[in-house]
Amino acid sequence: PLGCTAPWLLTANLSRLPPGEDAPSTEGTDADGRPLGIAAQRGKVVMLSFWSSGCGPCRRMFPHEHELVTKFASSPFVLIGVNADPNPHQLRQTQQRAQLRWPSLWDGPGGGICTAWKVQAFPPIVLIDQAGKVRFRHEGMAAQSTLEGHITGLLAEGAPPPPKGAVTARPGSPAPG
């Protein structure tokens with residue numbers, strides 16, 4: 001079952017989502033029912049952090065995630081949690097208590113997002129590049145320096161070029177509209 005009932009079993013079966021593959025659809029709502037997902041984040045490096053309020057290792061990642069959000073605040077980077085709590089109220093309470101400044105999708109136990117990502121236990125971390133490709137995954141608690149290094153590398157690659165035939169503005173000219 002999904003969850004963090006066995007802290008020593010911190011694995012996710014992501015073998016079918018190797019680096020370079022398109023990220024699965026990851027859309028839903030936050031704890032307040034507002035739409036949230038990765039499709040709107042194209043052009044940014046996205047870190048997905050799968051978690052549950054009852055998962056100790058997940059909660060121990062919060063300080064590291066706070067630091068990453070602060071460090072990359074002026075960069076095209078976004079952290080989105082994917083939460084498997086039994087209800088959105090529990091998600092909201094944990095966000096408030098832990099002062100989480102990033103949004104989380106509420107997926108519920110055994111939800112569609114965790115299923116699409118083939119999550120079996122928590123906390124897996126996934127990095128998606130600006131083009132929407134899975135570029136890094138880690139099962140269990142990831143070292144902050146590891147995450148920082150991968151995020152910095154993905155940011156250095158820059159955003160993907162516009163699609164062939166796309167209309168773009170030249171410097172100093174008005175944006176196409």
Side-chain angles (χ1 to χ4, degrees), residues 10-28 30 34-51 55 57-83 95 98-105 107 113-114 116-177:
L10 301 176
T11 62
N13 178 8
L14 295 173
S15 61
R16 293 193 181 123
L17 300 171
E21 292 290 317
D22 288 335
S25 176
T26 308
E27 309 297 319
D30 67 10
R34 292 184 299 252
L36 177 64
I38 63 171
Q41 305 303 324
R42 191 60 63 107
K44 297 179 183 177
V45 172
V46 177
M47 179 174 142
L48 290 180
S49 177
F50 292 83
W51 67 283
C55 171
C58 300
R59 289 191 315 273
R60 287 193 294 278
M61 287 290 299
F62 293 165
H64 302 297
E65 292 169 340
H66 274 284
E67 291 176 27
L68 291 170
V69 167
T70 299
K71 179 178 179 87
F72 295 108
S74 63
S75 301
F77 167 79
V78 63
L79 168 58
I80 298 176
V82 179
N83 177 268
Q95 286 177 311
Q99 299 178 358
L100 304 183
R101 300 179 314 216
W102 55 92
S104 282
L105 286 155
D107 197 35
I113 297 169
C114 286
W117 284 94
K118 299 174 179 30
V119 173
Q120 294 178 339
F122 291 96
I125 301 289
V126 178
L127 292 176
I128 302 164
D129 70 13
Q130 294 95 325
K133 304 281 186 192
V134 176
R135 295 291 298 275
F136 172 80
R137 66 179 177 266
H138 183 85
E139 294 91 23
M141 289 183 59
Q144 173 138 358
S145 60
T146 299
L147 291 174
E148 260 185 54
H150 284 287
I151 293 166
T152 299
L154 290 173
L155 290 169
E157 290 178 12
K164 195 170 194 130
V167 177
T168 57
R170 290 187 307 267
S173 65

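For the numbers below, each heavy atom of this structure counts, side chains included, while hydrogens, waters and symmetry mates do not. Bear in mind that the values here come from a model prediction, so they are computed numbers and not experimental data.
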Please set out all donor-acceptor pairs under 3.5 angstrom arising from side-chain atoms of residues 43-50, sequence neighbours excluded.
from	atom 1	to	atom 2	distance (Å)
K44	NZ	Q41	OE1	3.3
S49	OG	E65	OE2	2.5

Item to complete: Report the C-alpha distance between E67 and Q144 in whole Å, list the side-chain angles of each, state the deciding distance to 0.1 Å, and finish with yes or no for side chain to side chain donor-acceptor pair (under 3.5 Å).
Response: CA-CA 9 Å; E67 291 176 27; Q144 173 138 358; 3.2 Å; yes
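- Side-chain atoms of T146 do not come within 3.5 Å of backbone N or O of A142 as any donor-acceptor pair.
- Between E21 and K133 no salt bridge is recorded (no basic side-chain N to carboxylate O distance below 4.0 Å).
- Taking the side chain as every heavy atom from C-beta outward, L127 and D129 never approach each other to under 4.5 Å.
- For E27, the side-chain hydrogen bond (donor to acceptor under 3.5 Å, both in side chains) criterion is met by no residue, not counting sequence neighbours.
- The minimum heavy-atom distance linking S75 with L155 is given by the pair CB-CD1, 3.8 Å.
- By the 4.0 Å N-to-carboxylate-O rule, D30 lies close enough to R34 to be salt-bridged with it.
- Using a 4.5 Å heavy-atom threshold, the side chains of Q130 and R42 count as separate.
- The minimum heavy-atom distance linking I128 with A23 is given by the pair CD1-CB, 3.9 Å.
- In terms of heavy atoms, P24 sits closest to A116 at CG-O, 3.9 Å.
- Put simply, CD1 on I38 and OG on S25 are 7.0 Å apart, with the number rounded to the nearest 0.5 Å.
- A perpendicular orientation is assigned to the rings of F62 and W102, their planes being inclined by more than 60° (bins at 30° and 60°).
- The shortest heavy-atom contact between C114 and D107 is N-OD2, 2.8 Å.
- Under the 4.5 Å side-chain criterion, counting only non-hydrogen atoms from C-beta, L154 is in contact with R135.
- Counting heavy atoms from C-beta outward, V82 and F122 have side chains that stay 4.5 Å or more apart.
- Applying the salt bridge (charged side-chain N to carboxylate O under 4.0 Å, His left out) definition to pairs two or more places apart or across chains, none involves residues 72-82.
- Here H64 contributes atom NE2 and K71 contributes atom NZ; the two are 14.5 Å apart, rounded to the nearest 0.5 Å.
- Within the 4.5 Å cutoff, no side-chain heavy atoms of Q95 are placed close to those of N83.
- Residues W117 and V126 have side chains in contact (heavy-atom distance under 4.5 Å, counting atoms from C-beta outward).
- For the atom pair CG (L100) and CZ (R59), the distance works out to 11.5 Å, reported to the nearest 0.5 Å.
- Among all heavy-atom pairs drawn from L36 and P103, the shortest one is CD2-CB, 3.6 Å.
- By the 4.5 Å heavy-atom criterion applied to side chains, L68 and L79 are not counted as neighbours.
- Counting heavy atoms from C-beta outward, T152 and F77 have side chains that stay 4.5 Å or more apart.
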